[in-house]
Enquirer: 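Submitted below is the structure of interest, expressed as structure tokens.
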Amino acid sequence: MEIGFLIIEALKFIFPAYCANGAPVLAGGGLPMDFGKNFLDGKRILGKNKTFRGFFFGLLIGGLVGLLEVGLFGYPVLFSFVSPLGALIGDLAGAFLKRRLNISPGGLLPVIDQIDFVVGAVVFSLPLSIVSWQLAAVVLIITPPIHLFTNYLAYRLKLKSNPW
């Protein structure tokens, strides 16, 4: 498969997950998903930045983008739900890991911060049989620079408190 075509296919596939991952910063605030509770190790489960409002707003935005792609590109309808849900669950897994490593909410964990949501979206989309290993590999390669750029942009727009 030609690399240019594969990059375009990867961007089309992952776009609902990108939107789901980025949208919570716009809705922000509200009740933390861990209810302010600590895990067995005495550290917060997820942290103050993972809220129900952000999660469901991300799911809504990612789902709407996914539905648009269902119409445009013929993806299965279930894709519009599983890709954003996988992205958000992947991001929560990354937050859980960061708390275990004593990294504060908003703190940097290189690589994990850039791909946790992508891994979630890919894994949740696997049962739909629309993800090849080549597509998944390209998504994992192109996402870190895109993620860093969009986070920097959100920081410059004062939507985020740090540039990563």
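Residue numbers start at 1 and run along the sequence shown.
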Enquirer: Might you work through the side chain to side chain contact (heavy atoms under 4.5 Å, CB included) test for Phe55 and Leu85, ending with a clear yes or no?
Expert: CA-CA 9 Å; Phe55 183 88; Leu85 179 63; 3.8 Å; yes
Enquirer: Using 0.5 Å steps for rounding, measure from the CG atom of Leu46 to the CG atom of Leu97.
Expert: 11.5 Å
Enquirer: Please find the pair of heavy atoms, one from Cys19 and one from Ile61, that lie closest to each other, and give the distance.
Expert: CB-CG2, 4.1 Å
Enquirer: Measure the shortest side-chain to side-chain distance between Asp91 and Lys50 over non-hydrogen atoms and say whether it is less than 4.5 angstrom.
Expert: yes
Enquirer: What's the separation between atom CG in Leu68 and atom CZ in Phe15, rounded to the nearest 0.5 Å?
Expert: 9.0 Å
Enquirer: A side-chain contact here means heavy atoms from C-beta on lying under 4.5 Å apart; do Leu92 and Leu88 qualify?
Expert: no
Enquirer: Using every non-hydrogen atom in the two residues, find where Ile112 and Gly94 come nearest and quote the distance to one decimal.
Expert: CG2-CA, 4.2 Å
Enquirer: Restricting to non-hydrogen atoms, name the atom on Pro24 and the atom on Gly54 that form the minimum distance, rounded to 0.1 Å.
Expert: CG-O, 3.2 Å
Enquirer: I want to know whether His147 and Tyr18 have ring centres closer than 6.0 Å.
Expert: no
Enquirer: How close do Gly47 and Pro105 get, heavy atom to heavy atom, and via which atoms?
Expert: CA-CG, 4.0 Å
Enquirer: Within the 4.5 Å heavy-atom criterion, are Asn38 and Lys43 side-chain neighbours or not?
Expert: no
Enquirer: Donor-acceptor pair, Ser83 side chain versus Ser80 backbone, under 3.5 Å?
Expert: no
Enquirer: Kindly work out whether a path of hydrophobic side-chain contacts (I/L/V/M/F/W/Y, heavy atoms less than 4.5 Å apart) joins Leu31 to Ile45.
Expert: yes
Enquirer: Distance check, rounded to the nearest 0.5 Å: Arg100 atom CZ versus Leu40 atom CG?
Expert: 8.5 Å
Enquirer: Quick check: does any side chain N or O of Asn21 sit under 3.5 Å from a backbone N or O of Ala87, one acting as donor and the other as acceptor?
Expert: no
Enquirer: According to a 4.5 Å side-chain heavy-atom criterion applied to Ile, Leu, Val, Met, Phe, Trp and Tyr, with indirect links allowed, do Leu72 and Val70 form part of one hydrophobic cluster?
Expert: yes
Enquirer: Under 4.5 Å between side-chain heavy atoms, chaining through other members, with only Ile, Leu, Val, Met, Phe, Trp and Tyr counted: pull out the rest of the cluster around Leu64, sorted by chain and number.
Expert: Leu60
Enquirer: Restricting to side-chain contact (heavy atoms from CB on, under 4.5 Å), what partner residues turn up for Ala27, sequence neighbours left out?
Expert: Arg53, Phe57
Enquirer: Hey, what do you get for CG (Leu6) to OG (Ser132), rounding to the nearest 0.5 Å?
Expert: 6.5 Å
Enquirer: Are Phe117 and Ile103 linked, directly or through intermediate hydrophobic residues, by side-chain heavy-atom contacts shorter than 4.5 Å (ILVMFWY only)?
Expert: no
Enquirer: Which atoms form the tightest heavy-atom contact between Val139 and Ala10, and what is the distance?
Expert: CG2-CB, 3.6 Å
Enquirer: Phe124 vs Ile89, test: side chain to side chain contact (heavy atoms under 4.5 Å, CB included). Steps then yes/no.
Expert: CA-CA 9 Å; Phe124 274 55; Ile89 298 293; 4.1 Å; yes
Enquirer: Where is the tightest heavy-atom contact between Leu128 and Pro76, given as atom of each residue plus distance?
Expert: CB-CG, 4.4 Å
Enquirer: Going by atom types alone, do Tyr155 and Ser161 pair a side-chain donor with an acceptor below 3.5 Å?
Expert: no
Enquirer: How many angstroms lie between atom CG of Leu157 and atom OH of Tyr152, to the nearest 0.5 angstrom?
Expert: 10.5 Å
Enquirer: Rounded to the nearest 0.5 Å, what separates atom CD1 in Ile142 from atom CG in Leu11?
Expert: 4.0 Å
Enquirer: Which residue, Val122, Leu135, Ile115, Ile14, forms the side-chain contact (heavy atoms from CB on, under 4.5 Å) with Leu140?
Expert: Ile115
Enquirer: Not counting sequence neighbours, list each pair that qualifies as a ring pair (Phe, Tyr, Trp, His ring centres under 6.0 Å) and has a residue in residues 78-100.
Expert: Phe13-Phe79, Phe39-Phe96, Tyr75-Phe79
Enquirer: Are Leu109 and Leu148 connected, step by step, through hydrophobic side chains (Ile, Leu, Val, Met, Phe, Trp, Tyr) whose heavy atoms are closer than 4.5 Å?
Expert: no
Enquirer: For residues 108-118, which residue pairs pass the salt bridge (Lys or Arg N to Asp or Glu O under 4.0 Å) check, not counting sequence neighbours?
Expert: Lys98-Asp113
Enquirer: Salt bridge check, Asp34 against Arg44: does any charged N sit closer than 4.0 Å to a carboxylate O?
Expert: yes
Enquirer: Could you list who else is in Trp164's hydrophobic cluster, with ILVMFWY side chains joined at under 4.5 Å, directly or through other members?
Expert: Leu108
Enquirer: Arg99: which residues meet the side-chain hydrogen bond (donor to acceptor under 3.5 Å, both in side chains) condition with it, sequence neighbours left out?
Expert: none
Enquirer: May I ask whether Phe73 and Leu78 are part of the same hydrophobic cluster, defined by side-chain heavy atoms of I, L, V, M, F, W, Y residues being less than 4.5 angstrom apart, directly or through others?
Expert: yes
